[in-house]
Amino acid sequence: MTAKREALTAFSDVFTVFSMVLMAAIGFVIMIGAKDPAFAFHGFLFLAGGIAGGIFVLSHSFGKGDWHGSADEYLDGPSKVATLMAVFWGIAGFLVGLVLALQLAFPMLNFDLPWISFGRLRPLHTSAVIFAFGGNVLLATSFYVVQRTCHTRIAGRWAPWFVVLAFQLFIAIAGTGYLLGITQGKEYAEPEWYADLFLTVIWVVYLLVFLGTLIKRKEPHIYVANWFYLAFIVTVAMLHLVNNAPIPVSFLAPKSYIVYSGVQDAMTQWWYGHNAVGFFLTAGFLGIMYYFVPKRAERPVYSYRLSIVHFWTLIFLYIWAGPHHLHYTALPDWAQTLGMTFSIMLWMPSWGGMINGLMTLSGAWDKLRTDPVIRLLVVSVAFYGMSTFEGPVMSIKAVNSLSHYTDWTIGHVHSGALGWVAMVSFGAIYCLVPWLWGRRGLYSMRLVEWHFWLSTLGILLYITAMWVSGITQGLMWRAYDKLGFLQYSFIETVEAMKPYYMIRAVGGLLFLLGALIMAYNIWRTVRGDESADIAEQPKIAAAPGLRLSPAE
């Protein structure tokens, strides 16, 4: 190691320890100064996180440990942690979703307790599935993919570890905040100002790590998956900063007020909300599709030119589609029509990406019979195509007048969230675990089969129940009798939904069972257990290891 590298390493260790001390100090001030017990508890979490982080860094710095591995190898530790945390948070999120489905069918399950009421559990569910589960999958895969496709070690010494571990602390702060009643009340943006500031720091470091890896790449070409990952990181940062612009009541109070008001606040929120779907839940996971589908199928991307067209058209069109969430509101009619128009236009690039993903299997369709992992990936792409067709249709004003505020929207969201995001995440996790831990294969492909069919059946029960439920709601709400009065009271429409809510709960239970099977399979694989069907598994090798010459 050269003197320059030693100096940089020492500076990195000192700076990281100082950052952890600063975080602990801020947490201590909040803990002892906050009058709100919930905010004081979050101060304690910051304090504990800073102390644990400082101890962790000191115990593996200044020659005391080899946590980072050799400088001429890929750094996969952060991807391992993020993969395992994705499995954990996924099960937690699915479990809370099942509880919510049961509460809607059987309201007495709220037990009149504020901490487990529907209003507090619902944002916990959405954040756990989207940001905790999906976010960790994106962290794990982006760090893994960018190193292999750039043929260089990930940038930063402690930065990748900070991104992954601090993100878990943010999730804990946000999730406990919902249960304790701390929320901004903004869809997909519920954490209060201090959690948002912490996430901003994490996301800036994430961007710097990803960009730093791209800049020092050994490959002249930037693979298309990295374009999607970069668009996801940059756009989510912009969305987060603009939508979360609050004025705190006090440094020692959790409450804040957004700088926007009225229809401007609504427009900003749904510009954020729709593009959180577009870039967090679509662009990022398209990066997964463009790496793991070709890798698992052992085929090149069907059309690289189409993938580039898919990328540029998607990121240009998606950013304008948010106003379609505000049809028939105080938003100017021209803005509503603009959002609808761009939503319909999104159909083309979305289906271009779907076709590219499916046609990548050209010459390898037989693998669908023998490899349930690639079946998960392909079915996810099919759900991506279905959801990106249904979304533009639902943005049309005439259709939206029936579908909006009904369970049809819930069915649409979950066909994308469970069918596209969760299924492609499951496929990526099943690919990653043997590669990251150096195993010959998964513990059991038969368990993957069970997971696939339970999840698929659960999704189908869920979304079909919500389609029927939503259309029934819309028709009942707009039904009039011969005298011009509403034909049904609101409570009658609620009573009519109960059978569909019970079916949804069954679908959610099946999906959760599939995730539990996955967790068991992953645990046995990480532990190194081999089952009888190891010989039947396809031999999909990990990307070659990084080996730099002494001159480099």
Side-chain angles (χ1 to χ4, degrees), residues 74 76 79-80 82-83 86 137-152 154 213-214 217-219 221-230 232 283-304 306-308 310-311 353-382 384 420-442 445 448 452 518 521-522 525 534 536-546:
Y74 294 126
D76 286 332
S79 290
K80 290 182 178 180
T83 300
V137 171
L138 289 169
L139 290 177
T141 57
S142 62
F143 283 166
Y144 182 90
V145 170
V146 74
Q147 294 183 89
R148 270 69 182 179
T149 54
C150 293
H151 197 63
T152 188
I154 199 166
T213 308
L214 290 177
R217 68 187 185 276
K218 298 295 185 281
E219 296 291 334
H221 185 73
I222 299 178
Y223 184 61
V224 66
N226 292 323
W227 283 104
F228 280 99
Y229 282 127
L230 187 59
F232 137 69
F285 289 90
L286 285 170
I288 296 175
M289 182 195 80
Y290 274 115
Y291 183 84
F292 287 91
V293 171
K295 183 70 176 173
R296 192 74 186 188
E298 297 183 296
R299 294 289 186 275
V301 173
Y302 173 68
S303 172
Y304 204 80
L306 179 58
S307 70
I308 299 300
H310 177 206
F311 171 79
M354 175 199 67
I355 292 168
N356 213 7
L358 292 178
M359 292 303 292
T360 298
L361 268 76
S362 296
W365 288 105
D366 60 296
K367 294 179 182 287
L368 289 174
R369 292 186 294 104
T370 57
D371 186 0
V373 174
I374 203 166
R375 205 179 302 151
L376 282 164
L377 294 170
V378 170
V379 168
S380 75
V381 177
Y384 170 64
W420 158 236
V421 172
M423 295 288 259
V424 77
S425 298
F426 295 152
I429 289 170
Y430 281 130
C431 290
L432 272 179
V433 169
W435 296 343
L436 288 172
W437 274 272
R439 307 298 183 233
R440 290 174 55 201
L442 290 165
M445 293 297 279
V448 181
F452 171 78
M518 177 187 71
N521 203 0
I522 296 303
T525 303
I534 194 72
E536 304 170 15
Q537 300 189 30
K539 302 298 184 289
I540 310 294
L546 178 64

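The analysis underlying the following values was restricted to heavy atoms, covering all of them including side chains, and did not include hydrogens, waters or symmetry mates.
In this structure, Y384 contributes its side chain and L286 its backbone to no donor-acceptor pair below 3.5 Å. Judged purely by atom type and a 3.5 angstrom limit, R299 uses its side chain to pair as donor or acceptor with the backbone of G363. In terms of modelled atom types and a separation under 3.5 Å, the side chain of T360 and the main chain of Y302 share a donor-acceptor contact. With hydrogens and angles ignored, the 3.5 Å screen pairs no side-chain donor or acceptor of Y290 with any backbone N or O of Y223.
Going from atom CG of L432 over to atom OG of S425 covers 10.5 Å, rounded to the nearest 0.5 Å. Here M354 contributes atom CE and M289 contributes atom CE; the two are 10.0 Å apart, rounded to the nearest 0.5 Å. Distance CZ/F292 to CD1/I429: 9.5 Å, rounded to 0.5 Å. Atom CD1 of I355 sits about 7.5 Å away from atom CG of L306, to the nearest 0.5 Å. Interatomic distance, CG of L230 versus CZ of F311, reported as 7.0 Å (0.5 Å rounding). Here S307 contributes atom OG and F228 contributes atom CZ; the two are 7.0 Å apart, rounded to the nearest 0.5 Å.
Residues F452 and V373 are not in side-chain contact: their nearest non-hydrogen atoms beyond the backbone lie 4.5 Å or more apart. Contact annotation: the side chain of I222 approaches that of R217 to within less than 4.5 Å [non-hydrogen atoms, C-beta and beyond]. Proximity of F285 to T141: side-chain heavy atoms (C-beta onward) are nowhere separated by under 4.5 Å. Within the 4.5 Å cutoff, no side-chain heavy atoms of V424 are placed close to those of V137.
In this structure, R148 satisfies the cation-pi test against Y144, with its NZ or CZ atom closer than 6.0 Å to the six-membered ring centre and inside 45 degrees of the ring normal.
Between A225 and V145, the closest heavy-atom pair is CB-CG1, 4.3 Å. The heavy-atom pair separating D371 from R296 by the smallest distance is OD2-NE, 2.8 Å. Shortest non-hydrogen contact noted between S79 and A140 is OG-O, 3.0 Å. K367 and A297 get closest at one heavy-atom pair: CE-O, 3.2 Å. Here the shortest heavy-atom pairing between R375 and R369 reads NH2-O, 3.4 Å. Between N226 and V146, the closest heavy-atom pair is OD1-CA, 3.6 Å.
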Evaluation steps, side chain to side chain donor-acceptor pair (under 3.5 Å), between Y430 and N521: CA-CA 9 Å; Y430 281 130; N521 203 0; 4.6 Å; no

